[in-house]
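Heads up, the thing below is written out as structure tokens.
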Amino acid sequence: MNQNLTYKKATENDIDFLLDLRMKTMNPHYAESNLPTDKETTLKRVLFEFEKAHIIFLDSQPIGLLKINTSPHKTDVLQLQIDPAQQGKGLGGMILKNILQEASTEGKTVALNVLKTNKAQHLYTSLGFKIVGEDEHSYFMEV
């Protein structure tokens with residue numbers, strides 16, 4: 001699969017897109033987990049570590065969000081969201097494989113959290129992520 005993915009640092013001009021994306025991709029999982037889905041709470045999630053937010057583009061169309069935090073020994077995938085219209089095409093897997101490859105080259109672990117109600121956890125386990133902990137709503141995974 002040769003997908004033309006590019007990234008651009010998010011700005012305040014992207015907040016409406018990111019709020020809509022978050023509502024489409026995550027609110028169903030939050031609702032299923034009995035967590036808040038109101039606009040104010042959703043906006044707080046969008047703004048969480050906003051300085052690390054990058055818009056994902058496919059052929060110059062915005063299709064998602066990637067937030068990562070890197071340290072000398074670890075890469076944390078804080079948020080990865082792909083528009084539902086673009087899901088199922090291998091884009092999330094391709095992005096994660098690139099992150100894993102770069103981290104492996106640098107000798108880093110990669111960590112992420114996933115809601116227990118989110119089917120994306122199957123993608124993560126297929127890429128080698130293992131559950132290393134959990135709380136009431138989420139699994140904590142690393143590779």
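Predicted, not measured: the structure shown is a model, and the values here were computed from it. Residue numbers run from 1 in the order of the sequence given.
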Above 12 or not: heavy atoms from other molecules or residues under 6.0 Å from NZ of Lys130?
no

Checking the side chain of Thr105 only, and the main-chain atoms of Gln101 only, is there a donor and an acceptor separated by less than 3.5 Å?
yes

Ile56 and Tyr7: side-chain contact (heavy atoms from CB on, under 4.5 Å), yes or no, with the steps?
CA-CA 5 Å; Ile56 304 165; Tyr7 302 85; 3.7 Å; yes

More than 12 heavy atoms of other residues, nucleotides or ligands under 6.0 Å from CD of Glu12: is that the case?
no

Any side-chain to backbone donor/acceptor pair from Lys116 onto Ser33? Under 3.5 Å, distance only.
no

Let me confirm one number: the CD-CD distance from Gln86 to Gln81, rounded to the nearest 0.5 Å.
14.5 Å

Between Glu102 (side chain) and Ile99 (backbone), is there a donor-acceptor pair under 3.5 Å?
no

Between Ala31 and Thr37, what is the shortest heavy-atom contact and its length?
N-CG2, 3.7 Å

Closest non-hydrogen atoms of Gln121 and Leu115, given as atom of the first, atom of the second and distance, are NE2-O, 3.7 Å

Starting from Leu91, can I reach Phe57 by hopping between I/L/V/M/F/W/Y residues whose side chains sit under 4.5 Å apart?
no

Nearest-0.5 Å distance, NZ of residue Lys97 to CG of residue Leu127:
6.0 Å

Minimum heavy-atom separation for Leu47 to Lys67, with atom names?
C-NZ, 4.3 Å

Closest heavy-atom pair, Pro62 versus Ile55, reported as atoms and distance to 0.1 Å, is CB-CG2, 3.8 Å

With distance as the sole test, does Thr125 use its side chain to make a donor-acceptor pair with the main-chain N or O of His122 at under 3.5 Å?
yes

Can you name the closest pair of heavy atoms from Met141 and Val114 and give their distance?
SD-CG1, 3.7 Å

What's the separation between atom CG in Leu100 and atom CZ in Phe129, rounded to the nearest 0.5 Å?
4.5 Å

Only one of Lys8, His54, Lys9 clears side-chain contact (heavy atoms from CB on, under 4.5 Å) with Asp14; which?
Lys8

About how many Å separate CD of Gln61 and CG of Asn4, when rounded to the nearest 0.5 Å?
11.5 Å

Atom CG in Asn27, atom CZ in Arg22: separation rounded to 0.5 Å?
8.0 Å

Is it possible for you to say whether Ile82 and Val46 belong to one hydrophobic cluster, with membership spreading through side-chain heavy-atom contacts below 4.5 Å?
no

Would you check if Leu43 and Ile15 make a side-chain contact, meaning some heavy-atom pair closer than 4.5 Å?
yes

Between Leu78 and Met26, is there shared hydrophobic-cluster membership here, with clusters defined by ILVMFWY side-chain heavy atoms closer than 4.5 Å?
no

Hey, are the side chains of Thr25 and Gln87 touching, using non-hydrogen atoms and a 4.5 Å cut-off?
yes

Are any of the side-chain heavy atoms of Asn113 and Asp76 separated by less than 4.5 Å?
no

Just verifying a value: how many Å separate Ile63 CD1 and Phe17 CZ, rounded to the nearest 0.5 Å?
8.0 Å

Same hydrophobic cluster for Phe48 and Leu21, using side-chain heavy-atom links shorter than 4.5 Å among ILVMFWY?
no

Within one Ile-Leu-Val-Met-Phe-Trp-Tyr cluster: Ile68 and Phe50, side-chain cutoff 4.5 Å:
no

